[in-house]
There are 2 protein chains.
Amino acid sequence: MQTTPATLEESHPADICSARPSRHARPDGQDRYTISEVVAFTGLTAHTLRWYERIGLMPHVDRSHTGQRRYSNRDLDWLDLVTKLRLTGMPVADMVRYAELVRAGSDTYRERQELLEQTRRDVLGRIAELRDTLAVLDRKISFYATEGTTR
Amino acid sequence: MQTTPATLEESHPADICSARPSRHARPDGQDRYTISEVVAFTGLTAHTLRWYERIGLMPHVDRSHTGQRRYSNRDLDWLDLVTKLRLTGMPVADMVRYAELVRAGSDTYRERQELLEQTRRDVLGRIAELRDTLAVLDRKISFYATEGTTR
DNA sequence: CGCTTGCTTCGAGTGCACTCCAAGGTCATA
DNA sequence: TATGACCTTGGAGTGCACTCGAAGCAAGCG
């Protein structure tokens with residue numbers, strides 16, 4: 001018995017520091033979710049999940065004997081990452097690129113690292129912009145607050 | 001002689017605390033910029049500037065005697081705000097709504113305040129999300145950093 | 001058995017925010 | 001005054017990220 005690997009590229013003996021407890025794991029250890037279960041977990045639509053697969057943004061998803069998708073915890077973790085990256089404004093095409101690198105194996109570690117570091121810089125920049133905007137909003141809100149009460 | 005009002009809704013005797021020095025002001029105090037000057041200042045395209053006007057996102061922009069646009073410092077400050085709000089992910093339609101409130105005069109102070117406060121909450125949420133994502137990125141980057149060097 | 005629910009595929013449609021085009025008028029400078 | 005860069009308009013086009021629809025197969029249940 002072992003804990004579930006956190007994400008695709010980290011399913012490696014040495015990845016303990018980065019492994020998270022899977023919040024999706026079933027009591028019985030079952031690891032095959034239908035698309036509608038994944039919809040419930042992720043908030044994505046079934047259409048979007050299938051579309052992700054079509055454009056190469058998902059690793060191969062397992063199928064039932066009748067051809068229906070059966071998602072693993074690993075798939076769920078991957079979707080978690082994708083969702084987070086989407087929030088940073090990363091274009092889908094870039095995520096597809098990352099997915100390709102993951103599929104290509106551990107030879108691409110260096111390139112993946114660079115890609116994530118660039119993304120990291122982008123995220124820091126976005127946060128700085130948002131803080132800037134927050135300052136403007138606060139000035140304006142306090143203007144309206146005083147004007148709204150003093151007249 | 002007086003300083004330039006900072007933004008549309010704050011051109012009010014009591015708005016000194018919120019006034020910024022206009023970084024665009026010309027030495028000769030001239031206050032009528034061509035569209036290409038505004039392009040240079042804002043980084044927006046001329047197409048986008050005209051489109052903003054068409055959809056009601058700009059206050060009325062002054063024209064030369066031959067019908068060409070002449071932007072004021074106030075217009076520039078408004079564009080600054082719009083650009084910041086865009087970065088927060090606020091839909092253009094919401095900004096148009098805000099612009100309408102500004103046009104409608106000081107009766108809408110309360111509503112404008114509420115709109116900005118909602119936006120403020122959204123921005124705080126976005127920042128939290130981005131920080132979350134940053135944590136994930138950092139974990140993955142350090143994974144690749146150690147894996148990349150130890151094998 | 002019939003019914004409901006959920007799944008499959010592919011291709012077409014949607015909404016947003018621009019982005020560009022064509023045809024023509026204007027402005028600064030050599 | 002001529003040249004070339006810049007400006008005007010309305011409408012059409014683009015790219016992204018979904019989002020939906022149609023037709024049909026499969027599983028569970030009263």
Side-chain angles (χ1 to χ4, degrees), chain A residues 30 32-58 60-72 75 78-79 81-99 119 122 126 129 133, chain B residues 26 28 30 32-58 60-72 75-76 78-99 119 122 126 129 133:
Chain A
Q30 195 184 339
R32 292 165 62 78
Y33 309 98
T34 66
I35 200 167
S36 60
E37 288 172 312
V38 177
V39 164
F41 287 146
T42 62
L44 298 167
T45 70
H47 282 301
T48 300
L49 288 168
R50 295 190 199 105
W51 179 69
Y52 278 0
E53 213 172 317
R54 249 191 292 175
I55 63 173
L57 189 50
M58 284 298 292
H60 178 76
V61 174
D62 204 21
R63 300 298 176 116
S64 74
H65 67 106
T66 53
Q68 299 194 350
R69 288 172 183 79
R70 292 294 179 264
Y71 291 83
S72 66
D75 294 330
W78 174 255
L79 284 170
L81 173 64
V82 164
T83 301
K84 282 204 163 38
L85 291 180
R86 281 290 304 114
L87 290 174
T88 71
M90 181 186 268
V92 167
D94 289 4
M95 292 192 291
V96 170
R97 171 83 189 122
Y98 183 74
T119 303
D122 294 347
R126 299 271 304 115
E129 284 171 353
T133 304
Chain B
R26 284 185 164 160
D28 57 1
Q30 195 183 338
R32 293 165 62 78
Y33 310 97
T34 65
I35 199 166
S36 60
E37 287 173 314
V38 177
V39 165
F41 287 147
T42 61
L44 298 168
T45 70
H47 284 302
T48 301
L49 287 168
R50 295 192 196 103
W51 178 68
Y52 277 1
E53 212 173 317
R54 249 191 289 177
I55 64 172
L57 187 50
M58 283 298 292
H60 178 76
V61 174
D62 204 21
R63 299 297 176 118
S64 73
H65 67 106
T66 52
Q68 299 193 350
R69 288 173 182 79
R70 293 293 178 263
Y71 291 82
S72 66
D75 294 330
L76 254 23
W78 173 255
L79 284 170
D80 251 29
L81 174 65
V82 164
T83 300
K84 282 204 164 38
L85 291 180
R86 281 291 303 114
L87 290 174
T88 70
M90 181 187 268
V92 166
D94 289 4
M95 292 192 291
V96 169
R97 172 82 190 124
Y98 182 74
T119 303
D122 293 346
R126 298 272 304 116
E129 283 171 354
T133 303

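The model shown is predicted, which means the values in this text are computed figures rather than measured ones. A note on names: the letters A, B, ... follow the listed sequences, proteins ahead of strands, and every chain is numbered from 1.
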Please evaluate the base of D:dC20 for a donor-acceptor partner in the side chain of A:His47 within a cut-off of under 3.5 Å? yes

Once hydrogens and angles are ignored, does a donor-acceptor distance under 3.5 Å link the base of D:dG11 to the side chain of B:Arg54? yes

Has B:Arg50 got a side-chain N or O lying under 4.0 Å from the OP1 or OP2 atom of D:dT8? yes

Closest to the A:Trp51 side chain: D:dC18, C:dT8, C:dA17? D:dC18

Closest to the side chain of A:Thr66, out of D:dT8, C:dT19, D:dA27, is D:dA27

Take the protein atom CD of B:Gln68 and the nucleotide atom P of D:dA5, then report the distance between them rounded to whole Å. 16 Å

OH of A:Tyr33 versus P of C:dG6: gap in Å, rounded? 19 Å

Compute whether any side-chain donor of one residue and acceptor of the other, for B:Asp122 and B:Thr119, lie under 3.5 angstrom apart. no

Between D:dT8 atom P and B:Asp62 atom CG, what is the distance in whole Å? 12 Å

Are A:Ser36 and C:dC7 close enough that a side-chain N or O sits under 4.0 Å from OP1 or OP2? yes

As a test of reading the structure: which of D:dT8, C:dC27, C:dT8 is closest to the side chain of B:Ser64, going by heavy atoms? C:dC27

Any side-chain N or O of B:Tyr52 under 4.0 Å from OP1/OP2 of C:dA17? no

B:Thr34 side chain N/O closer than 4.0 Å to the phosphate oxygens (OP1, OP2) of D:dC7? yes

Distance check needed: D:dT8 C1' versus B:Leu49 CG, whole Å only. 14 Å

Of all the nucleotides listed (C:dT26, C:dT19, C:dT9), which has the minimum atom distance to the side chain of A:Arg69? C:dT9

Per atom distances to the A:Arg63 side chain, the nearest of C:dG25, D:dA27, C:dT9 is C:dT9

In this structure, OG1 of B:Thr34 is separated from OH of B:Tyr71 (nearest 0.5 Å) by 9.5 Å

Euclidean distance, B:Leu57 CG relative to B:Leu79 CG, rounded to 0.5 Å: 8.0 Å

Nearest whole Å is fine: how far is D:dC6 C1' from B:Ile35 CD1? 10 Å

Base, sugar-phosphate or nothing for B:Arg70? Non-hydrogen atoms, less than 4.0 Å. nothing

Between A:Arg50 and A:Glu53, does at least one N-O distance fall below 4.0 Å, as a salt bridge requires? no

Mind checking whether B:Trp78 and B:Tyr98 have parallel, tilted or perpendicular rings, split at 30° and 60°? parallel

How do B:His65 and B:Pro91 order along DNA chain C: which one's closest nucleotide is nearer the 5' end? B:Pro91

Mind calculating the distance between CG (A:Leu44) and C1' (D:dC20) to the nearest angstrom? 16 Å

